[in-house]
Amino acid sequence: MGILHDEDMNMDQAAPRPDIPNDIYEVYQDLISGTVDALPTDDLLQRLVWAREQGRPLRAKLGVDPTAPDIHLGHTVILRKLAQFQKHGHTAVLIIGDYTAKVGDPSGRSKLRPRLSDEEININATTYVEQAAKVLDMERAEVVRNSEWLSPLRMDEVLKLTATTTVARMLERDDFSSRYSKNEPISMLEFMYPLLQGYDSVAVKADVELGGTDQKFNLLMGRPIMEAYGLLPQSILTVPLLVGTDGSMKMSKTYGNYIGVTDTPDDMFGKVMSIPDDLMVTYWTLLTGAGHREVEDIAQRVAAGTYHPAECKRDLAERIVGLYHDSAAASAAREQFDRVFKHRNRPEDIPEAPLPSTCVREGRVWLPRLMVEMKLAASNGEAKRLIQQGGVKLDDAVVRNSDEEIAVDRVLGGVIQVGKRRFLRIIP
RNA sequence: GGGGGGAUGCCCGAGUGGCCAAAGGGAGCAGACUGUAAAUCUGUCGGCGCUGCCUACGGAGGUUCAAAUCCUCCUCCCCCCA
């Protein structure tokens, strides 16, 4: 997967078209802004016209697998796009892929994912919907589970489905062909996924399906399948995969480069601040709901040097935190950040923990043990290393000697700092 | 069904009997610097109160004073032929 660049996205305002009513064209521009592919060309535009003529809203489909309990900003990109359809009066159809999750989607992985139990899926689905509600208007969304129609499928119906495509067509998928050429395994099961996903589109009669760019193949696969079932093939819209805080890989929990929608304001703020500078515009575009014009203006001011990048990033972080918490929390997070990182002071709220008796020996405390006990280090060795590298402070004084035993009364009420951002006050 | 190749630490990947807790890179962590938890540079990176010991190179046995390295069986993956 390549690094995403702003120029990959559809951001240019094309000239208005005389054959299309202006307001519809505006909506269309809005819907394709920030997307990578809108296929077939002009198909969505055409549908918007039909929708007007027939007086019915379009059905915009998004399928999600409830495989992970928490969602992060990477997931919100597509949800924002779906929410945009709602904003323009269309129907958001959110499909919870409970059936597909139960089988265990092996896509893109060398190992099969563990099968999830019904309870896990239910929990994940519930939290997903809860968290998605921060972006999507759930009152007006249609939420369905694909087990509803996939579970009762009979073998002959499955066979009919498999007959709609060919192996050669399957191997066109970049993911499959590259794994195939790299001698990595592809199970037959994986071949079923695009088909089942396409069948979902049949079941909900989708007008347009949204997905990440990695879903392009699957989304397109839905078209011939819909046709085989006598439906008008769906339009597809892809949004870029969000690059994570490391600036190179897609945002994912497994890479640890994610910003969760339930992260605390301070965490969320800090994580946004940790993205590389050249990712800022992308984040403004995909994560803030900022208009096209606003993003352009920001990009220009930063490029011109009239808007300091550090300031721009602070504003970005504050904006994002505000979306998932509130503006008060967002500005507090900003103050906290400046306090801790810009001015190198302690944060306002320092977590507290009692001194465990297991760490005290003859009235003295060996710091590495305490750090392990307090989860500030994974092992004694790591704790000692941190101390030796000058990364540990007790009441703002760098601890130098990792062997020294410290008197209990010096530790009690004291603040242990590990690295730049982990603080802990020890209480009796 | 036949033949061949492969499995190494969080990830990638070197290592074909002792010099191996295992090169190199990436990620992570710490320090310096700064405009931020950006960038860059430096250090560090299995566990143990640690001049030593324990656990680890897919799994189980074996050979040897000594095994990631050799042998046997097993599991999984890939390729070629059919």
Side-chain angles (χ1 to χ4, degrees), chain A residues 3 106 108-112 176 178-188 190 243-259 263-283 302 305-318 320-321 333-345 347 358-362 364-373 375-393 398-406 416-423:
Chain A
I3 295 172
R109 318 243 162 200
S110 51
K111 289 175 193 143
L112 278 167
F176 285 148
S178 70
R179 281 162 64 200
Y180 192 64
S181 63
K182 276 191 290 187
N183 299 340
E184 285 168 11
I186 303 167
S187 75
M188 290 297 291
E190 287 181 79
V243 173
T245 53
D246 62 325
S248 61
M249 291 187 292
K250 72 163 183 176
M251 185 176 282
S252 155
K253 209 159 190 176
T254 43
Y255 300 144
N257 61 358
Y258 71 101
I259 304 174
D263 281 354
T264 64
D266 286 344
D267 246 18
M268 199 179 261
F269 195 97
K271 285 181 182 178
V272 175
M273 289 306 287
S274 78
I275 65 169
D277 287 1
D278 55 15
L279 210 56
M280 286 195 294
V281 173
T282 307
Y283 271 42
V302 171
T306 55
Y307 191 17
H308 197 288
E311 202 52 31
C312 176
K313 211 186 275 181
R314 277 188 178 77
D315 289 339
L316 171 68
E318 188 173 345
I320 291 175
V321 173
R334 183 187 188 125
E335 278 164 31
Q336 180 87 317
F337 184 88
D338 286 350
R339 184 187 176 87
V340 176
F341 298 105
K342 206 174 172 186
H343 307 301
R344 290 292 150 83
N345 293 324
T358 50
C359 294
V360 184
R361 212 167 63 182
E362 292 166 16
R364 307 189 80 80
V365 174
W366 185 51
L367 201 51
R369 164 151 298 164
L370 179 61
M371 287 167 65
V372 172
E373 209 66 38
K375 302 263 194 302
L376 293 171
S379 65
N380 289 356
E382 184 182 304
K384 289 177 74 168
R385 203 181 308 126
L386 284 165
I387 292 170
Q388 279 151 17
Q389 291 184 134
V392 177
K393 287 180 189 168
V398 177
V399 179
R400 290 281 166 210
N401 185 355
S402 59
D403 294 325
E404 185 194 347
E405 300 202 6
I406 303 164
I416 299 176
Q417 178 181 355
V418 177
K420 288 185 180 64
R421 53 190 218 257
R422 284 178 308 178
F423 296 85

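Note on naming: letters A, B, ... go to the chains in the order of the sequence lines (proteins, then strands), and numbering restarts at 1 for each one. The shown structure was predicted, so the numbers you read here are calculated from the model rather than taken from an experiment. The figures here come from the full heavy-atom set of this structure, side chains too, leaving out hydrogens, waters and symmetry mates.
Checked options A:Asp266, A:Asp263, A:Asn257; the residue passing with A:Lys271 is A:Asp263 (criterion: side-chain hydrogen bond (donor to acceptor under 3.5 Å, both in side chains)). Of the residues A:Gln388, A:Gln389, A:Arg385, A:Lys384, the one that meets the side-chain hydrogen bond (donor to acceptor under 3.5 Å, both in side chains) test with A:Ser402 is A:Gln388.
Here A:Glu404 lies out of heavy-atom contact (under 4.0 Å) with every strand. Note on A:Pro276: only backbone sugar-phosphate atoms sit closer than 4.0 angstrom, heavy atoms only; bases stay farther off. Using a 4.0 Å heavy-atom criterion, one finds that A:Asp246 contacts no nucleic acid atom at all. Within 4.0 Å of A:Arg385, counting heavy atoms only, lie sugar-phosphate atoms of the nucleic acid but no base atom. Across all strands, A:Arg361 comes closer than 4.0 Å to base atoms (heavy-atom distances). At the heavy-atom level, A:Gly270 lies under 4.0 Å from base atoms of the strands shown.
B:G62 and B:C53: their P atoms are spaced 24 Å apart (whole Å). Taking atom C1' in both B:C77 and B:C70, one finds a spacing of 24 Å when rounded to whole Å. Using atom P as the reference point in both B:A39 and B:G35, the two lie 15 Å apart (nearest Å). Comparing the same atom, P, in B:C19 and in B:C73 gives a spacing of 29 Å after rounding to whole Å. Taking atom C1' in both B:U75 and B:G28, one finds a spacing of 32 Å when rounded to whole Å. The separation of B:G9 from B:C57, taken at their C1' atoms, amounts to 8 Å, rounded to a whole angstrom. Spacing of P atoms, B:A27 relative to B:A38, comes out at 12 Å, to the nearest Å. B:G6 and B:U72: their P atoms are spaced 15 Å apart (whole Å).
Here the side chains of A:Ile275 and A:Leu316 are in contact, with some heavy-atom distance below 4.5 Å. A:Trp366 places none of its side-chain heavy atoms less than 4.5 Å from the side chain of A:Arg361.
B:A68 is unpaired under the criterion used here, namely a Watson-Crick or G-U wobble arrangement in which both key atom distances are under 3.5 Å. Pair assignment for B:C29: B:G43, on the basis of Watson-Crick or G-U wobble contacts that are both within less than 3.5 Å. Pairing of B:G1, defined by two Watson-Crick or G-U wobble distances under 3.5 Å, is identified with B:C81. Base-pair partner of B:C76: B:G6 (Watson-Crick or G-U wobble, both distances under 3.5 Å).
The residue among A:Cys359 and A:Pro309 whose nearest nucleotide of RNA chain B lies closer to the 5′ end is A:Pro309. For A:Asp267 and A:Gly419, each mapped to the nucleotide of RNA chain B holding its nearest heavy atom, the one lying further toward the 5' end belongs to A:Gly419.
Computed from coordinates, the A:Lys393 NZ to B:A30 P distance equals 12 Å when rounded to whole Å. Nucleotide B:A37 holds its P atom 8 Å from the CE atom of A:Met273, rounded to whole Å. As a whole-Å value, the separation of A:Asn257 CG from B:C11 C1' is 14 Å. Atom CD of A:Glu382 is separated from atom C1' of B:C50 by 16 Å (rounded to the nearest Å). Across the protein-nucleic acid pair, A:Tyr283 atom OH and B:A38 atom P stand 13 Å apart, rounded to whole Å. B:G35 atom P lies 13 Å from atom CD of A:Glu311, rounded to whole Å. Here B:U44 presents its C1' atom at 10 Å from CD of A:Gln388, a figure rounded to the nearest Å. We find that CG of A:Leu376 is positioned 14 Å from P of B:C29, with the value rounded to whole Å.
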Test side-chain hydrogen bond (donor to acceptor under 3.5 Å, both in side chains) on A:Asp246 and A:Ser248; report intermediate values, then the result. CA-CA 6 Å; A:Asp246 62 325; A:Ser248 61; 3.1 Å; yes

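For A:Thr245, no side-chain nitrogen or oxygen approaches OP1 or OP2 of B:A37 to under 4.0 Å. Distances shorter than 4.0 Å separate some side-chain N or O of A:Arg344 from OP1 or OP2 on B:A37. OP1 and OP2 of B:A38 both lie 4.0 Å or more from every side-chain N or O belonging to A:Ser274. Contact check, A:Lys420 against B:G31: a side-chain N or O comes under 4.0 Å of OP1 or OP2.
Annotation: cation-pi geometry not satisfied between A:Lys393 and A:Phe423 (NZ/CZ under 6.0 angstrom from ring centroid, within 45° of ring axis).
When all heavy atoms of A:Asp277 and A:Pro309 are compared, the pair lying nearest together is OD2-CB, 4.0 Å.
Comparing atom distances between the A:Leu386 side chain and each of B:G35, B:C33, B:A30 picks out B:A30 as nearest. Taking only side-chain atoms of A:Gln389, from C-beta outward, the nucleotide of B:C48, B:A37, B:U44 with the closest atom is B:U44.
Using a cut-off of 4.0 Å between Lys/Arg side-chain N and Asp/Glu carboxylate O, A:Lys342 and A:Glu311 are scored as not salt-bridged.
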